[in-house]
Protein chains: 2
Amino acid sequence: MDVSPLTLNRLSIYLRCLRALQQDGIVSVSSKELAEKFHLSAAQIRKDLTHFGDFGIRGVGYEVETLVTKLTEVLGLDKKHRLAIVGMGSLGSAFARHVGNGGGPFSFAAGFDSDPAKIGREVAGVVVEPVEAIAETIPCRGIQIGILAVPPAVAQETYDRLMESGIRSVLNFAPARLRGHEGAHTRNVDLRIYLEELVFYLSRSDEDDDAS
Amino acid sequence: MDVSPLTLNRLSIYLRCLRALQQDGIVSVSSKELAEKFHLSAAQIRKDLTHFGDFGIRGVGYEVETLVTKLTEVLGLDKKHRLAIVGMGSLGSAFARHVGNGGGPFSFAAGFDSDPAKIGREVAGVVVEPVEAIAETIPCRGIQIGILAVPPAVAQETYDRLMESGIRSVLNFAPARLRGHEGAHTRNVDLRIYLEELVFYLSRSDEDDDAS
DNA sequence: AGATGTGAATGAGTTCACAGCT
DNA sequence: AGCTGTGAACTCATTCACATCT
């Protein structure tokens with residue numbers, strides 16, 4: 001099966017919207033209702049969903065609970081996923097707390113840093129380890145996802161270290177162009193780029209819409 | 001002029017790559033060299049750049065310094081931009097420190113929160129104010145960009161408050177579907193969505209490439 | 001010769017519009 | 001009657017390939 005990141009990201013959005021409806025006790029919803037309520041496109045919702053099966057009932061719509069279950073399964077959120085954060089500066093630590101070890105499908109399982117001042121500290125219930133420990137700790141704790149929150153200058157070497165430890169999914173906050181490893185998935189989140197995008201549009205008060 | 005966010009984000013990337021070359025004392029570069037060095041597409045670089053003028057020299061390439069200057073100007077990074085963060089939890093505070101007040105084109109100029117425990121605290125050189133102060137503080141300090149780092153439940157009302165204060169560019173970290181204001185630009189950065197994307201690909205060890 | 005700038009071709013993603021099911 | 005699922009039409013984006021300039 002082949003699915004674009006765009007479709008995938010929308011599935012996450014749909015799931016979140018459906019959970020909100022579930023909270024409100026809504027049992028069934030049509031693509032049109034869903035679209036109107038959350039500023040989405042009805043046709044797109046239907047097309048996205050049919051990539052993964054025929055979840056709807058013609059003439060009626062979608063049963064919220066069924067769809068939540070299906071999407072949770074498709075996205076792999078019915079299992080727990082442990083993640084490691086490399087670079088426990090303010091951003092890394094904030095992300096660690098953000099993820100936490102609560103009820104969600106994600107848990108913060110290891111934090112690494114190269115700064116001796118940070119090593120040994122506890123953040124969100126986890127003791128920060130030196131980056132040298134990556135190779136051992138990551139397979140030991142069954143960690144599958146790595147978060148890069150290191151300075152750009154050491155981003156590539158840190159990425160390579162994660163690859164060596166067996167990690168194949170990386171969320172990269174470092175503003176660096178990584179030479180990606182074969183078979184790995186990397187999602188770059190470059191906050192400066194987003195700010196710069198906003199600045200560009202600042203100087204043009206003629207536009208309107210909003211981007212996702 | 002009409003330019004897609006995709007193109008725009010790439011301009012930011014190009015600019016960063018060019019700055020790196022500049023550091024290394026490189027004076028001139030061709031689109032091919034730039035592409036190979038940073039895993040970009042040469043044709044795309046050329047097409048993106050020509051949206052904003054003919055910066056290159058046929059047969060030679062681009063003069064690094066000229067291009068840096070031009071891109072900086074196009075992106076509006078030759079001016080300083082003040083930003084306000086609403087929601088000074090761990091994420092908001094981390095972002096505040098991240099931006100800081102240093103040499104870059106961005107400066108953290110105001111922080112707001114509704115939690116009395118956070119109000120009055122100093123973060124990255126700025127005293128946190130109550131959200132009620134948004135309407136007054138934002139125009140006073142000439143702030144043009146707002147960062148939403150509040151819980152999803154209050155995202156919409158906080159967004160609306162920013163709009164009332166005159167803000168027209170928002171970076172939204174809240175996992176919420178905002179009803180956007182006419183004429184405003186909103187960039188959603190939903191960290192959970194990115195994690196969920198990675199999880200999906202975890203279960204499919206047949207893939208290879210990396211997404212930007 | 002060699003690299004840009006650019007129309008033309010291809011590909012990806014979205015929207016339309018309707019057949020088919022409940 | 002109403003909504004899904006889906007091919008076809010369309011729009012947006014990328015890549016190709018080459019004429020054009022230095």
Side-chain angles (χ1 to χ4, degrees), chain A residues 1-14 17-18 21 26-68 70-71 74 197 207-212, chain B residues 1-14 17-18 21 26-68 70-71 74 193 197 207 209-212:
Chain A
M1 199 199 316
D2 189 23
V3 52
S4 88
L6 292 172
T7 300
L8 206 49
N9 290 348
R10 282 194 300 266
L11 291 189
S12 292
I13 292 172
Y14 302 157
C17 295
L18 289 162
L21 295 180
I26 291 166
V27 167
S28 170
V29 72
S30 72
S31 58
K32 187 156 170 283
E33 286 165 344
L34 197 58
E36 278 168 6
K37 205 145 184 177
F38 297 98
H39 336 115
L40 303 161
S41 143
Q44 194 164 57
I45 291 171
R46 294 202 299 277
K47 186 141 269 182
D48 285 341
L49 291 178
T50 50
H51 272 111
F52 302 93
D54 294 2
F55 304 137
I57 305 151
R58 287 174 198 236
V60 180
Y62 300 88
E63 204 199 327
V64 176
E65 190 162 328
T66 312
L67 199 46
V68 165
K70 283 292 180 187
L71 286 182
V74 165
E197 179 186 327
E207 289 281 357
D208 44 80
D209 78 343
D210 58 335
S212 253
Chain B
M1 195 202 317
D2 191 23
V3 50
S4 86
L6 293 171
T7 301
L8 206 49
N9 290 347
R10 281 194 302 265
L11 290 189
S12 293
I13 291 171
Y14 302 157
C17 295
L18 289 162
L21 295 180
I26 292 165
V27 168
S28 169
V29 70
S30 72
S31 57
K32 187 156 169 283
E33 286 165 344
L34 196 59
E36 279 168 5
K37 205 145 183 176
F38 298 99
H39 336 114
L40 303 162
S41 144
Q44 194 164 58
I45 291 171
R46 294 202 298 279
K47 185 140 271 180
D48 285 342
L49 292 179
T50 50
H51 272 111
F52 302 94
D54 293 3
F55 305 137
I57 305 153
R58 287 173 199 237
V60 179
Y62 300 88
E63 205 199 327
V64 175
E65 191 163 327
T66 312
L67 199 47
V68 165
K70 283 292 180 187
L71 286 182
V74 164
I193 287 182
E197 180 186 327
E207 289 282 355
D209 78 345
D210 58 335
S212 253

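In what follows, chains are A, B, ... by sequence order, proteins preceding strands, each numbered from 1.
Applying the side chain to side chain donor-acceptor pair (under 3.5 Å) test to A:Y14 and every residue at least two apart in sequence or in another chain returns A:D48. B:V74 meets the side-chain contact (heavy atoms from CB on, under 4.5 Å) test with A:F200, B:L11, B:F52; sequence neighbours excluded. Remark: B:T66 engages B:E63 in a side chain to side chain donor-acceptor pair (under 3.5 Å) (not counting sequence neighbours). Under the rule for a side-chain contact (heavy atoms from CB on, under 4.5 Å), the partners of B:S4 that lie at least two apart in sequence or sit in another chain are B:L6, B:T7. Among residues two or more places apart in sequence or in another chain, the side chain to side chain donor-acceptor pair (under 3.5 Å) test is passed with A:S28 by none. Partners of A:E33 according to the side-chain contact (heavy atoms from CB on, under 4.5 Å) rule, which considers only residues two or more places apart in sequence or in another chain, are A:V29, A:S30. Under the rule for a salt bridge (Lys or Arg N to Asp or Glu O under 4.0 Å), A:K37 has no partner lying at least two apart in sequence or in another chain. Scanning for side-chain contact (heavy atoms from CB on, under 4.5 Å) contacts around A:T50 gives A:D54, with sequence neighbours left out.
In this structure, the CG atom of A:L6 is 19 Å from the P atom of D:dT11, given to the nearest Å. In this structure, A:F52 places its CZ atom 18 Å from P of D:dT4, rounding to the nearest Å. Atoms OH (A:Y14) and C1' (D:dT4) sit 14 Å apart, rounded to a whole Å.
Distances shorter than 4.0 Å separate none of the side-chain N or O atoms of A:Y62 from OP1 or OP2 on D:dG2.
Within 4.0 Å (heavy atoms only), A:T7 reaches no atom of the nucleic acid at all.
When DNA chain C is scanned 5' to 3' for any atom under 4.0 Å from a heavy atom of chain B, the first and last hits are C:dG2 to C:dA8.
Within residues 39-49 of chain A, the residues approached by DNA chain D to less than 4.0 Å at the level of any non-hydrogen atom are A:R46, A:K47, in residue-number order.
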List, with names and distances, any nitrogen or oxygen atoms from the protein found under 3.5 Å away from nitrogen or oxygen atoms belonging to nucleotides 19-21 of chain D.
| residue | atom | partner | partner atom | Å |
| --- | --- | --- | --- | --- |
| D:dT20 | O2 | B:R58 | NH1 | 2.7 |

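One distance of note links CG of A:L34 with CD1 of A:I13; it measures 11.0 Å at 0.5 Å rounding.
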Under 3.5 Å, sequence neighbours excluded: what are the donor-acceptor pairs made by side chains of residues 40-47 of chain B?
| residue | atom | partner | partner atom | Å |
| --- | --- | --- | --- | --- |
| B:S41 | OG | B:Q44 | N | 3.1 |
| B:R46 | NH1 | B:S31 | OG | 3.0 |

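Side-chain contact between A:V68 and A:L21 is absent, with no heavy atoms from C-beta onward closer than 4.5 Å.
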